[in-house]
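First up is the structure itself, then whatever we jot down about it.
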Amino acid sequence: MTDQSASDREEEFAIFNHLESEVRSYARSFPVVFATARGAQLFARDGTAYLDFLMGCSSLNYGHNPPELKSALADYIASDGITHGLDLYNEAKESFLREFHETILRPRQLDYVVQFPGPTGANAVEAALKLARKITGRSNIIAFTNGFHGVSLGALSCTGNRYHRAAAGQLLGGVTRLPYDGYLGSSVDTADYLDRLLSDPSSGVDAPAAVIVETVQGEGGLNVAGTEWLRKVAAIARKHGALLIVDDIQAGVGRTDAFFSFEAAGLRPDIVTMAKSISGYGLPMALVLIDRQLDKWEPGEHNGTFRGNCHAFVTARAALEHFWRTDSLAASVREKGNLLKSRLEQIAQKYDPGRASAKGRGMMRGIDLKSGEVAGQVISTAFQRGLIVETAGPKDEVVKCLPPLVIGEDQLSQGLDIFEDAIESVIGSNVNTAA
């Protein structure tokens, strides 16, 4: 790179470097100024196109600017629809609730009421924990290794990542952390371990208000909980008088094919937290789904100024209407999820298992490269070749693919070709010739 091009780049990012906090992270991995987006692509200011396998960390499951949602929002804005409504009754919220009940809850025989907390996933987790403690009169929460539930203090207490926890600047209590499925190897059933601890009055583990779990740990490294393990954890929570909270913020809204990631296990959680793609358009919106019998809130006991984002209600309703009234999207995700699985396994099998292994579920998959340094080099190389993809895991060693659920197979294959070439470029000398 010439001095002139370096100078140009410095000038391009000058306003960000001067005024934006050092806390920014994704921008450091993808150093261009983006201008527009459509479908599975982001376009830089100079017109360069990038395939987006980050998708707002699964906040854009239907792609960038899906036309059905864009037109619904544009029409609503043009008609002077209410923008912000706190928790006032309004038509946008009414339409969303009716569609959510008719399209999602009733067909699944889920008798939930809907709480609108603040607009983020962490807000939803904070509300869920607070409600569980209120209902049970207990303070302890069971969370799992490599879990990620947000970085506000209550949610951060349930988050395992040491780097994020250290930023709290204070002790993070009220949580007992136990091993996730497979954490101690295939020979140890960690659900049995959980039951043993809760059954032993001298284990030192206080009776919990709730057990909070992700069916697939997105930020934790694409660890997948087995169906039987999830069922056992649900039964153990019930046995010991604890509520089951499923954090479906990243794995839900079709990312694992069904609308809820827990459907395959046949679970009926007491509380479900949702955010990210629930608005369908990247607009801030979060939900706490609460078993009707457990809705013990008093009026205004938990609130938030931006719990009434009517624009998000509009796009969320349009997304449910367009994508979820039939099983076609879920069926498509199953097909593309299998393609993604097959390709990633083929890529990983080129290398020694100690260097690369495929993991994940549905369209929430990636490759564990066993090294954060290697994974970082891979995402940098992929970006240079036109693919945006992120890392996950305790040491950022997993490259995680989150393409839009509506991506065409040609673009999916194109992105995976870039990903494969990037890995080959970084660790190609370590190809497993026996594969």
Side-chain angles (χ1 to χ4, degrees), residues 29 39-41 50-55 58 61 63 182 186 215-218 220-227 250-251 254-257 261 264 330-393 395-435:
S29 298
Q41 292 181 299
Y50 295 86
L51 276 172
D52 187 358
F53 279 21
L54 170 60
M55 280 291 145
S58 201
N61 282 2
S186 59
T215 65
V216 183
Q217 294 183 321
L222 296 177
N223 307 308
V224 179
T227 295
Q250 188 169 147
R255 180 53 63 179
T256 58
D257 72 43
S261 72
S332 173
V333 172
R334 283 191 289 274
E335 292 177 4
K336 282 179 278 195
N338 288 333
L339 173 60
L340 184 59
K341 178 178 184 289
S342 176
R343 279 294 308 273
L344 292 176
E345 287 177 346
Q346 290 173 13
I347 294 169
Q349 287 168 5
K350 294 170 60 178
Y351 306 94
D352 185 277
R355 296 299 306 276
S357 59
K359 61 191 307 192
R361 180 180 152 203
M363 290 183 71
M364 189 176 180
R365 296 182 183 273
I367 293 182
D368 185 347
L369 293 170
K370 319 300 179 180
S371 161
E373 181 180 357
V374 170
Q377 292 173 3
V378 167
I379 68 165
S380 177
T381 302
F383 177 67
Q384 293 168 17
R385 300 178 183 188
L387 175 69
I388 296 172
V389 66
E390 71 166 330
T391 58
K395 299 178 181 178
D396 290 325
E397 72 277 20
V398 178
V399 180
K400 180 170 63 173
C401 296
L402 298 172
L405 307 185
V406 296
I407 192 172
E409 289 191 9
D410 55 342
Q411 285 187 317
L412 180 60
S413 295
Q414 179 188 356
L416 291 171
D417 288 344
I418 295 172
F419 185 29
E420 181 173 12
D421 290 344
I423 295 177
E424 173 72 19
S425 176
V426 174
I427 62 172
S429 60
N430 296 285
V431 171
N432 182 4
T433 56

Q.
Using side-chain heavy atoms (C-beta onward) and a distance below 4.5 Å, is K336 in contact with L412?
A. yes
Inspect the surroundings of CD in E409 and state if more than 12 heavy atoms from other residues, nucleotides or ligands are less than 6.0 Å away. no
Practice item. Decide yes or no for V374 and I427: does some side-chain heavy atom of the first lie under 4.5 Å from some side-chain heavy atom of the second? Key: yes
Minimal heavy-atom distance between A348 and A358, with the atoms involved, is CB-N, 3.8 Å
*Distance only, no hydrogens: is a donor on one side chain within 3.5 Å (strictly under) of an acceptor on the other, for K400 and Q250?*
yes
**Prompt:** Are T215 and S261 close enough that a side-chain donor and a side-chain acceptor fall under 3.5 Å?
**Reply:** yes
Closest heavy-atom pair, F383 versus S29, reported as atoms and distance to 0.1 Å, is CD2-O, 4.1 Å
For this session: Evaluate side chain to side chain contact (heavy atoms under 4.5 Å, CB included) for L369 paired with V378, printing each intermediate quantity in order.
Result: CA-CA 9 Å; L369 293 170; V378 167; 3.7 Å; yes
Discussion item. Looking at D257 and R361, is any side-chain nitrogen of the basic one under 4.0 Å from a carboxylate oxygen of the acidic one?
Written reply: no
Taken to the nearest 0.5 Å, the spacing of L402 CG from M364 CE works out to 6.5 Å
d(L387 CG, C401 SG) to nearest 0.5 Å is 7.0 Å
CD1 of I388 to CD of Q41, rounded to nearest 0.5 Å, is 10.5 Å
CD1 of I347 to CG of D421, rounded to nearest 0.5 Å, is 9.0 Å
A382 and V389 have their tightest heavy-atom pair at CB-CG1, 4.3 Å
Between G218 and A392, the two heavy atoms sitting closest are O-CB, 3.4 Å
Rounded to the nearest 0.5 angstrom, the CZ-CD1 distance for F419 and I367 is 4.5 Å
**OP:** Could you please spell out the steps behind the side chain to side chain contact (heavy atoms under 4.5 Å, CB included) verdict for F53 and I407?
**Re:** CA-CA 10 Å; F53 279 21; I407 192 172; 3.7 Å; yes
- Answer whether the closest heavy-atom distance between the side chains of S425 and R385 falls below 4.5 Å. yes
_Is the shortest side-chain heavy-atom distance between T391 and V398 below 4.5 Å?_
no
Inset, instruction - For E420 and L416, run side chain to side chain contact (heavy atoms under 4.5 Å, CB included): C-alpha distance rounded to whole Å, both residues' side-chain angles, the deciding distance at 0.1 Å, then the answer. - result: CA-CA 6 Å; E420 181 173 12; L416 291 171; over 6 Å; no
Does K370 use its side chain to pair, donor to acceptor, with the backbone of E397 at less than 3.5 Å?
no
Value for CD (Q384) from CD1 (I418), rounded to nearest 0.5 Å, stands at 12.0 Å
Exercise. Evaluate the criterion side chain to side chain contact (heavy atoms under 4.5 Å, CB included) for residue pair K359 and V224; output intermediate values, then yes/no.
Key: CA-CA 8 Å; K359 61 191 307 192; V224 179; over 6 Å; no
key: Flag side-chain contact, heavy atom, 4.5 Å: Q411 against L51   = yes
Item to complete: Please confirm whether the backbone N or O of Q377 pairs with a side-chain atom of T381, one donor and one acceptor, at under 3.5 Å?
Response: yes
With heavy-atom distances below 4.5 Å as the criterion, would you say the side chains of M363 and P403 are in contact?
yes
